Engineer: 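Sharing a structure, written as structure tokens. Questions coming.
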Amino acid sequence: MSDVVLEVKNLAKFFEANRVLKDISLTVNKGDVIAIIGPSGSGKSTFLRCLNLLEEPTRGLLSFKGEPYFNIEKCKDDFVDYTKYHEALDQYDLRLVDAEDILAIYQNKIIEGYKTKENYRRVRECKKAYKKVLNDRPRKEQFFDKTAYEAFINEHPSMAISEKQRNTMRSKMTMVFQSFNLFNNMDSLKNCTIAQTRVLKRSHEEAKERAIKELTKVNMQDRMNYRPRALSGGQKQRVAIARALCMDPEIILFDEPTSALDPEMVNEVLEVMKKLANEGRTMIVVTHEMNFAKNVANKVIFMDEGYIVESGDSKSFFNHPKEERTKAFLKKANINF
Amino acid sequence: MIDFGKVVNIFANNQALLISGVISTIILSVFGTVVGLFLGVFIAYGKNIKTKPTMNWFKRIGLSVVRWLCNIYSVVLRGTPMMVQALIFKYGCAALGLNWDNIRFPGMISNVFNGWFFAGLIVITFNTAAYMAEIVQSGLNGVDMGQVEGARSLGMKSSETSFFVVLPQAIRNSLPTIGNELIVNIKDSSVLNVIATTELYYRMKVISSASYAFLEGYLILALIYLVLTLLAAGILKLIEKKLDGKKISLNPFARFKRGLFA
């Protein structure tokens with residue numbers, strides 16, 4: 001029995017020139033616990049945020065239980081002629097260096113003491129020329145094939161769901177954050193009930209009952225009337241997990257849930273997460289806890305520089321890594337093993 | 001120097017006027033602050049509007065115009081004295097053919113509620129709204145983006161997020177400044193006497209000039225304002241505590257008792 005809950009194909013996310021996610025494909029089956037590991041800045045968190053559309057992906061296909069909720073096959077960036085663009089950039093660099101050199105020659109003359117009117121005039125002219133060159137910097141838009149892009153868009157209209165559908169989508173894929181993000185103006189109980197009454201339209205009594213049940217599960221039943229600032233980090237994170245559980249999510253996304261906690265609190269949060277994994281919940285966990293990835297997760301993904309370098313089930317991944325990059329990372333990370 | 005006979009006289013002969021003055025000052029400042037805060041929230045959201053290049057040009061221009069109007073409103077109303085605003089309002093209304101003097105109520109109630117009182121109420125409300133817009137805007141921008149993300153990740157709409165999560169925190173964080181605005185309003189409502197708003201200062205001016213008790217009159221006036229502002233500050237502290245989810249007690253000795261036995 002392997003029902004596919006979430007399918008990701010060729011997902012990419014660019015922040016202007018910064019290409020955070022380049023090409024990521026992944027299938028998540030029901031009951032999977034997937035651990036995503038990798039160095040900082042490799043795009044793990046961005047990937048997770050793209051899944052529930054907190055961050056808008058640049059291109060890719062995302063589908064939930066077979067129904068696509070985000071589908072852009074090709075983005076504007078795919079229609080930029082990069083070979084020509086880079087050629088133009090190279091030529092431009094040469095021109096820029098030339099302009100800089102000529103400017104430097106006359107500036108040096110002045111510095112050396114030849115402070116004639118003629119030299120000052122030349123420096124002014126060179127500065128003007130230099131600025132002109134700066135303005136001519138080739139831009140991507142010049143190499144963008146607009147007609148081809150529009151033709152493609154007409155044939156394959158990009159699909160993005162409406163804001164309302166997005167919200168129901170998000171309530172099925174709740175997220176637990178590194179910095180907790182509990183609502184500071186409400187106590188733990190209200191934190192758990194507010195989204196239930198607003199999004200799932202449950203009655204107050206029903207929501208309260210459910211919240212108490214989930215708070216008991218994470219062992220926070222005696223701190224229900226405390227505000228987040230009166231709780232310790234581990235307690236906050238457990239309330240955040242309870243808040244996510246209240247929404248009956250199909251998938252729970254964990255974005256480095258233990259990174260802001262001290263070792264003692266890490267364990268209390270990991271205990272709760274183990275419990276959830278044993279219940280058979282589908283979870284995607286971005287983590288730096290190698291022990292958790294090894295023992296609890298059934299699939300491990302190693303990400304680096306916007307790509308999935310290696311993925312596999314946790315035993316074989318840690319015992320027999322294939323790629324050199326993975327080996328290097330594990331060697332550095334596994335000092336305690 | 002201070003003639004205590006005159007002091008007694010002021011209290012003995014003019015209770016009705018003084019009390020009506022105090023009541024109208026309280027109503028002016030509290031109503032002005034609360035309604036001004038309400039308007040200010042809208043203006044703050046207007047000032048915070050951000051346009052995206054993905055919007056169509058019609059929507060973009062519309063939103064920019066709204067933002068500009070809100071900015072201009074807060075700049076103009078904060079950049080001119082309330083006294084001048086009141087006079088402009090008075091003569092502007094006169095030019096449009098509206099004389100606030102014509103609005104009268106029969107009986108004692110007209111001591112507080114009369115035409116110029118309502119004119120003053122309008123001026124102080126719209127003046128406060130400009131300050132409140134600035135206060136609320138900085139409060140809104142001060143709320144951590146993580147709060148918004150937390151709410152959005154649970155599937156809450158952006159309107160629900162701002163109403164249940166962001167706005168309460170923004171108001172709570174700027175409550176000391178809002179309270180400051182209330183105290184300023186209690187004192188600054190006195191400038192509305194230029195349009196004959198019958199508030200406390202206006203009443204005392206009349207009383208003291210009728211009885212030639214200027215020093216005594218204004219000393220008493222200062223004392224009354226001091227008591228009012230102290231009361232306002234105390235009530236605001238209670239509201240702050242309440243919003244923080246702490247237990248509040250109206251018994252002034254409660255703290256003392258707790259100190260002794262706990």
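As the structure is a computational prediction, the values presented were derived from the model and not from experiment. Every chain is numbered from 1, with letters handed out A, B, ... down the list of sequences.
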Engineer: Would you mind checking which part of T174(A) comes under 4.5 Å of any heavy atom in chain B, side chain (CB onward), backbone (N, CA, C, O), both or neither?
Structural biologist: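 For T174(A), the contact with chain B is made by backbone and side chain together.
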
Engineer: Would you mind checking which part of R198(A) comes under 4.5 Å of any heavy atom in chain B, side chain (CB onward), backbone (N, CA, C, O), both or neither?
Structural biologist: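 Backbone plus side chain of R198(A), per the 4.5 Å heavy-atom cut-off to chain B.
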
Engineer: If I take atom CG from residue N173(B) and atom CD1 from residue I135(B), how far apart are they, to the nearest 0.5 angstrom?
Structural biologist: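 The CG atom of N173(B) sits 13.0 Å away from the CD1 atom of I135(B).
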
Engineer: Do K76(A) and E141(A) meet the salt-bridge criterion of a basic N to acidic O distance under 4.0 Å?
Structural biologist: no

Engineer: Please flag which part of Q196(A) lies under 4.5 Å from any non-hydrogen atom of chain B: side chain, backbone, both or neither.
Structural biologist: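 Neither part, no heavy atoms under 4.5 Å.
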
Engineer: With only heavy atoms counted, which part of N52(A) is less than 4.5 Å from chain B, the side chain, the backbone, both or neither?
Structural biologist: side chain

Engineer: Where do L154(B) and V199(A) come nearest, in terms of heavy atoms and distance?
Structural biologist: O-CG2, 3.9 Å

Engineer: Sort out for me which of L182(A), L253(A), N191(A), D187(A) touches chain B most, counting heavy-atom pairs under 4.5 Å.
Structural biologist: L182(A)

Engineer: Strictly distance-based, threshold 3.5 Å: is any side-chain N or O of R238(A) a donor or acceptor partner for the main-chain N or O of V218(A)?
Structural biologist: yes

Engineer: With a 4.5 angstrom heavy-atom cut-off, could you sort out which part of R172(B) is near chain A: side chain, backbone, both or neither?
Structural biologist: neither

Engineer: Can you tell me how the ring of F152(A) sits relative to the ring of F79(A), calling it parallel under 30°, perpendicular over 60° and tilted otherwise?
Structural biologist: tilted

Engineer: May I ask you to name which of V176(A), L54(A), N185(A) has the most heavy-atom pairs under 4.5 Å with chain B?
Structural biologist: N185(A)

Engineer: Is the number of heavy atoms from other residues, nucleotides or ligands under 6.0 Å of Y202(B) OH greater than 12?
Structural biologist: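 No, the 6.0 Å shell around OH holds no more than 12 heavy atoms from other groups.
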
Engineer: Using a 4.5 angstrom heavy-atom cutoff, name the option from K164(A), R229(A), K172(A) with the most pairs to chain B.
Structural biologist: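 Heavy-atom pair counts peak at R229(A).
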
Engineer: Check whether F183(A) gets within reach of chain B through its side chain, its backbone, both or neither, counting any heavy atom under 4.5 Å.
Structural biologist: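 Contact with chain B: backbone and side chain both.
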
Engineer: Please state whether the side chain, the backbone, both or neither of Q147(B) comes within less than 4.5 Å of a heavy atom of chain A.
Structural biologist: both

Engineer: Of all heavy-atom pairs between G234(A) and M265(A), which one has the smallest distance, and what is that distance?
Structural biologist: N-SD, 3.4 Å

Engineer: Using heavy-atom distances under 4.5 Å, tell me whether L200(A) contacts chain B through its side chain, its backbone, both, or neither.
Structural biologist: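 Contact with chain B involves no heavy atom of L200(A) at all.
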
Engineer: Give, as side chain, backbone, both or neither, the part of M175(A) having an atom under 4.5 angstrom from any heavy atom of chain B.
Structural biologist: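 Looking at M175(A), backbone and side chain both touch chain B.
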
Engineer: Verify the neighbour count for atom CD of E67(A): are there more than 12 heavy atoms of other residues, nucleotides or ligands below 6.0 Å?
Structural biologist: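 No, the 6.0 Å shell around CD holds no more than 12 heavy atoms from other groups.
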
Engineer: Heavy-atom distance under 4.5 Å to chain B: side chain of R166(A), backbone, both or neither?
Structural biologist: neither

Engineer: Hey, is D244(B) close enough to R227(A) for a salt bridge, meaning N to O under 4.0 Å?
Structural biologist: no

Engineer: Check whether M169(A) gets within reach of chain B through its side chain, its backbone, both or neither, counting any heavy atom under 4.5 Å.
Structural biologist: neither

Engineer: Between G155(B), G150(B), G146(B), A151(B), who has the most heavy-atom pairs with chain A when the cutoff is under 4.5 Å?
Structural biologist: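 Looking at each option in turn, the highest pair count goes to G155(B).
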
Engineer: Quick one: do the Q165(A) and T168(A) side chains pair a donor with an acceptor below 3.5 Å?
Structural biologist: no

Engineer: Name the option with the most non-hydrogen atom pairs under 4.5 Å to chain B; the candidates are R170(A), M247(A), M173(A).
Structural biologist: R170(A)

